[in-house]
Amino acid sequence: MNGLPKISIITPSYNQDQYLEDTILSVLGQNYENLEYIIMDGGSDDNSVEIIKKYQDQLAFWISEKDSGQAAAINAGFEKSTGEILMWLNSDDMLMPNVLTYIAE
């Protein structure tokens, strides 16, 4: 993995299907080899779960169940993460191209 640190990204989400896929693609499109991507969905009743399932083979972990809100979802995701660098990205945000490599270096 070229000695680059593992980066864990947590995406908390709830009923954000109109944005979620763009967020996921902005993370996976980084092509950062040492990425641990975790999505914590709060039990959405829109199409969020279907979107997540499209990418589940590229995720370290995902869950969709009722939680106590965004902060609880982020904290639960951090508890599951094993990265040296931890961050969260909201489900209506996107990463700029190559930002993970920039951060790691």
Side-chain angles (χ1 to χ4, degrees):
M1 308 246 176
N2 301 328
L4 294 175
K6 181 187 280 186
I7 298 177
S8 297
I9 300 177
I10 313 304
T11 293
S13 187
Y14 180 68
N15 285 340
Q16 293 287 314
D17 66 351
Q18 69 266 37
Y19 308 110
L20 182 58
E21 190 160 24
D22 288 337
T23 300
I24 292 169
L25 291 173
S26 81
V27 173
L28 298 178
Q30 297 286 311
N31 295 317
Y32 186 79
E33 292 181 20
N34 207 3
L35 173 66
E36 178 180 60
Y37 191 26
I38 298 170
I39 299 177
M40 305 297 287
D41 181 79
S44 294
D45 56 13
D46 60 5
N47 291 317
S48 294
V49 171
E50 288 78 14
I51 293 168
I52 295 167
K53 285 181 179 179
K54 285 173 52 176
Y55 303 98
Q56 67 185 355
D57 63 327
Q58 299 173 71
L59 303 175
F61 178 82
W62 75 274
I63 193 167
S64 181
E65 65 182 18
K66 185 161 179 55
D67 57 33
S68 299
Q70 181 181 25
I74 293 167
N75 285 329
F78 282 158
E79 287 177 12
K80 295 203 166 293
S81 65
T82 61
E84 297 168 68
I85 298 172
L86 307 177
M87 65 177 283
W88 81 85
L89 182 69
N90 291 327
S91 56
D92 59 355
D93 292 330
M94 294 178 13
L95 294 178
M96 295 294 296
N98 301 311
V99 73
L100 297 184
T101 300
Y102 178 80
I103 290 168
E105 291 175 345

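- Side chain of Asn34 to backbone of Leu4: a donor-acceptor contact under 3.5 angstrom is found.
- Looking at heavy atoms from C-beta onward, Phe61 lies out of side-chain contact with Glu36 at the 4.5 angstrom threshold.
- A distance-only check finds a donor-acceptor pair linking the side chain of Asp46 to the backbone of Asp17 [under 3.5 Å].
- Taking the side chain as every heavy atom from C-beta outward, Ile24 and Tyr37 approach each other to under 4.5 Å.
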Please set out all donor-acceptor pairs under 3.5 angstrom arising from side-chain atoms of residues 95-105, sequence neighbours excluded.
none

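- Counting heavy atoms from C-beta outward, Ile38 and Phe78 have side chains that stay 4.5 Å or more apart.
- How far CG of Asp93 is from CG of Asp22: 11.5 Å, rounded to the nearest 0.5 Å.
- Met94 is not connected to Met40 by any chain of hydrophobic side-chain contacts under 4.5 Å among Ile, Leu, Val, Met, Phe, Trp and Tyr, and they are in different clusters.
- No single ILVMFWY cluster, assembled from side-chain heavy atoms under 4.5 Å apart, contains both Ile10 and Leu89.
- Checked by atom type, the side-chain pair Gln70/Tyr14 shows no donor-acceptor distance below 3.5 Å.
- At a threshold of 4.5 Å between non-hydrogen side-chain atoms, the residues Ile52 and Leu59 count as touching.
- In the hydrophobic clustering of ILVMFWY residues, with side-chain heavy atoms under 4.5 Å counting as a link, Met87 and Leu35 come out together.
- In this structure, the separation between CG on Asp67 and CD1 on Ile74 is 10.0 Å, given to the nearest 0.5 Å.
- Following chains of ILVMFWY side-chain contacts shorter than 4.5 Å, one can reach Leu20 starting from Val27, so the two form part of one hydrophobic cluster.
- Ile9 CD1 to Gln30 CD: the interatomic distance, rounded to the nearest 0.5 Å, is 7.0 Å.
- Under a hydrophobic-cluster definition in which Ile, Leu, Val, Met, Phe, Trp and Tyr are linked whenever side-chain heavy atoms come within less than 4.5 Å, directly or via other members, Tyr19 and Leu25 are assigned to different clusters.
- Each of Ser48, Ser91, Ser64 was scored for a side-chain hydrogen bond (donor to acceptor under 3.5 Å, both in side chains) with Ser13, with one residue passing: Ser91.
- Taking NZ from Lys53 and CH2 from Trp62, the interatomic distance works out to 5.5 Å, rounded to the nearest 0.5 Å.
- Side chains of Ile85 and Ser8 form no contact here, defined as non-hydrogen atoms less than 4.5 Å apart.
- Of the inter-residue distances, the one linking Asp41 atom CG with Ile63 atom CD1 reads 9.5 Å to the nearest 0.5 angstrom.
- Side chain of Asn15 to main chain of Asp45: a donor-acceptor pair is present (N/O by atom type, distance under 3.5 Å, no hydrogens or angles).
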